[in-house]
*Asks:* 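One structure follows; several queries about it will come next.
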Amino acid sequence: MFEVHERLGTHCHEPVVAKVTLTHDQRDRGRLKLTSDTGEEVRVFLERGKPLLVGEYLKSVCGRHLQVEGAKEEVLEAGCDDWRTFARACYHLGNRHVRIEVGDRWLRIKPDHVLEEMLQLLGLETRQCEAVFMPESGAYAHGHHHHHDH
């Protein structure tokens, strides 16, 4: 069993003995009971309020290193070619306090038929898909968020 109380950030030169694959909601929690990719039980006890990052390294009490991977999950992806239309969509989602991942004229949110209809009415094309969901951490969050190319 791995018992984890320590975060090492996104750079580590030590060998990784196991990985844990987490959804966005799991990465947002400070207390977790999981199974690693090697089949071992993992118990995570971290400070609350600071989500785990995809690619982040963890150190167990016994000194072994684990890495966090993002799980693919159902998301709603929307996009358009017009920056003004895209900006309006982001504004309206933000006004509703929706967690949103923002790319280059594309965005992802958790599936929601009401928001999907709103995005379509604003002029965006939408589709349901599976992807690792990495929403913005917020304007006042400490730390930064890395985006992948779409």
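Values in this document were obtained by computation on a predicted structure and should not be read as measured data. One-based numbering along the sequence shown.
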*Asks:* Using a strict cut-off of less than 4.0 Å between a Lys/Arg side-chain nitrogen and an Asp/Glu carboxylate oxygen, indicate whether Lys72 and Glu130 qualify as a salt bridge.
*Replies:*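 Between Glu130 and Lys72 there is no salt bridge, as every charged N stays at least 4.0 Å from the carboxylate O atoms.
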*Asks:* If you compare all heavy atoms of Phe2 against all heavy atoms of Ser36, which two are closest, and at what distance to 0.1 Å?
*Replies:*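 Minimum heavy-atom contact is CE1-OG, 4.3 Å.
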*Asks:* In Å and rounded to the nearest 0.5 Å, what is the CD to CZ distance from Glu3 to Arg43?
*Replies:*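 One finds 8.0 Å between CD of Glu3 and CZ of Arg43.
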*Asks:* In Å, rounded to the nearest 0.5 Å, how long is the span from CG of Leu8 to CD of Glu14?
*Replies:*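 So the gap between those two atoms works out to 9.0 Å.
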*Asks:* Crowded around Glu117 CD? As in, over 12 foreign heavy atoms under 6.0 Å?
*Replies:*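 No, not enclosed.
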*Asks:* Could you give the distance from CD1 (Ile109) to OG1 (Thr126), rounded to the nearest 0.5 Å?
*Replies:*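 One finds 9.0 Å between CD1 of Ile109 and OG1 of Thr126.
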*Asks:* Kindly work out whether a path of hydrophobic side-chain contacts (I/L/V/M/F/W/Y, heavy atoms less than 4.5 Å apart) joins Val68 to Val42.
*Replies:*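 Val68 clusters together with Val42.
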*Asks:* Is there a continuous path of hydrophobic side-chain contacts, each under 4.5 Å between heavy atoms, that joins Leu22 to Val54?
*Replies:*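 Leu22 and Val54: separate clusters.
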*Asks:* May I ask whether Val17 and Leu52 are part of the same hydrophobic cluster, defined by side-chain heavy atoms of I, L, V, M, F, W, Y residues being less than 4.5 angstrom apart, directly or through others?
*Replies:*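 In one cluster: yes.
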*Asks:* Examine Val75 and Leu124 and state if one hydrophobic cluster contains both, with Ile, Leu, Val, Met, Phe, Trp and Tyr joined whenever side-chain heavy atoms are less than 4.5 Å apart.
*Replies:*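 As far as the 4.5 Å side-chain criterion goes, Leu124 and Val75 are not connected within one cluster.
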*Asks:* For Leu121 and His92, run side chain to side chain contact (heavy atoms under 4.5 Å, CB included): C-alpha distance rounded to whole Å, both residues' side-chain angles, the deciding distance at 0.1 Å, then the answer.
*Replies:* CA-CA 12 Å; Leu121 289 171; His92 286 290; over 6 Å; no
*Asks:* Please determine if Arg108 and Glu77 form a salt bridge, counting it only when a charged side-chain N lies under 4.0 Å from a carboxylate O.
*Replies:*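 Here Arg108 pairs with Glu77 in a salt bridge, since their nearest N and O are under 4.0 Å apart.
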*Asks:* Which heavy atom of Gln128 sits nearest a heavy atom of Glu116, and at what distance?
*Replies:*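 Closest approach of Gln128 to Glu116: NE2-OE1, 3.4 Å.
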*Asks:* Would you please test Thr23 and Glu73 for side-chain hydrogen bond (donor to acceptor under 3.5 Å, both in side chains) and show each step?
*Replies:* CA-CA 7 Å; Thr23 65; Glu73 53 190 302; 4.8 Å; no
*Asks:* Roughly how far, to the nearest 0.5 Å, is the CG atom of Leu46 from the CG atom of Leu32?
*Replies:*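 Between Leu32 CG and Leu46 CG, I get 8.0 Å after rounding to 0.5 Å.
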*Asks:* Quick one: ring-ring contact (aromatic ring centres under 6.0 Å, His included) pairs with a partner in residues 14-72, sequence neighbours left out?
*Replies:*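 Residue pairs passing ring-ring contact (aromatic ring centres under 6.0 Å, His included), neighbours aside: His5-Phe45, His24-Phe133.
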*Asks:* Considering non-hydrogen atoms only, spot the tightest contact between Gly49 and Pro51 and give its length.
*Replies:*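 In terms of heavy atoms, the two residues are closest at O-CD, 3.7 Å.
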*Asks:* Check Glu125 with Arg127, please: is the shortest side-chain N to carboxylate O separation under 4.0 Å?
*Replies:*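 Looking at Arg127 and Glu125, the cut-off is not met.
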*Asks:* With a 4.5 Å cut-off on side-chain heavy-atom distances among I, L, V, M, F, W and Y, is there a chain of contacts connecting Leu122 to Val114?
*Replies:*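 No, Leu122 does not connect to Val114 through the hydrophobic network.
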*Asks:* Determine, for Arg64 against Glu40, whether the closest basic-nitrogen to carboxylate-oxygen distance falls under 4.0 angstrom.
*Replies:*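 Looking at Arg64 and Glu40, the cut-off is met.
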*Asks:* Which residue pairs satisfy the salt bridge (Lys or Arg N to Asp or Glu O under 4.0 Å) criterion with at least one member in residues 80-99, sequence neighbours excluded?
*Replies:*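 Pairs touching residues 80-99 that pass the test: Asp28-Arg99.
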*Asks:* Take Val20 and Glu69, measure what side chain to side chain contact (heavy atoms under 4.5 Å, CB included) needs, and give me the verdict at the end.
*Replies:* CA-CA 6 Å; Val20 288; Glu69 292 188 335; over 6 Å; no
*Asks:* Could you tell me whether a side-chain N or O of Glu136 sits under 3.5 Å from a main-chain N or O of Ile100, the two making a donor and an acceptor?
*Replies:*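 No.
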*Asks:* Can you name the closest pair of heavy atoms from Leu93 and Met118 and give their distance?
*Replies:*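 Closest approach of Leu93 to Met118, heavy atoms only: CD2-CE, 3.7 Å.
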*Asks:* Taking side chain to side chain contact (heavy atoms under 4.5 Å, CB included) as the criterion, tell me which of Leu119, Asp112, Leu107 meets it with Leu76.
*Replies:*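 Only match with Leu76 under side chain to side chain contact (heavy atoms under 4.5 Å, CB included): Leu119.
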*Asks:* Would you confirm whether Gln67, through its side chain, and Lys19, through its main-chain N or O, come within 3.5 Å as a donor-acceptor pair?
*Replies:*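 A pair under 3.5 Å: no.
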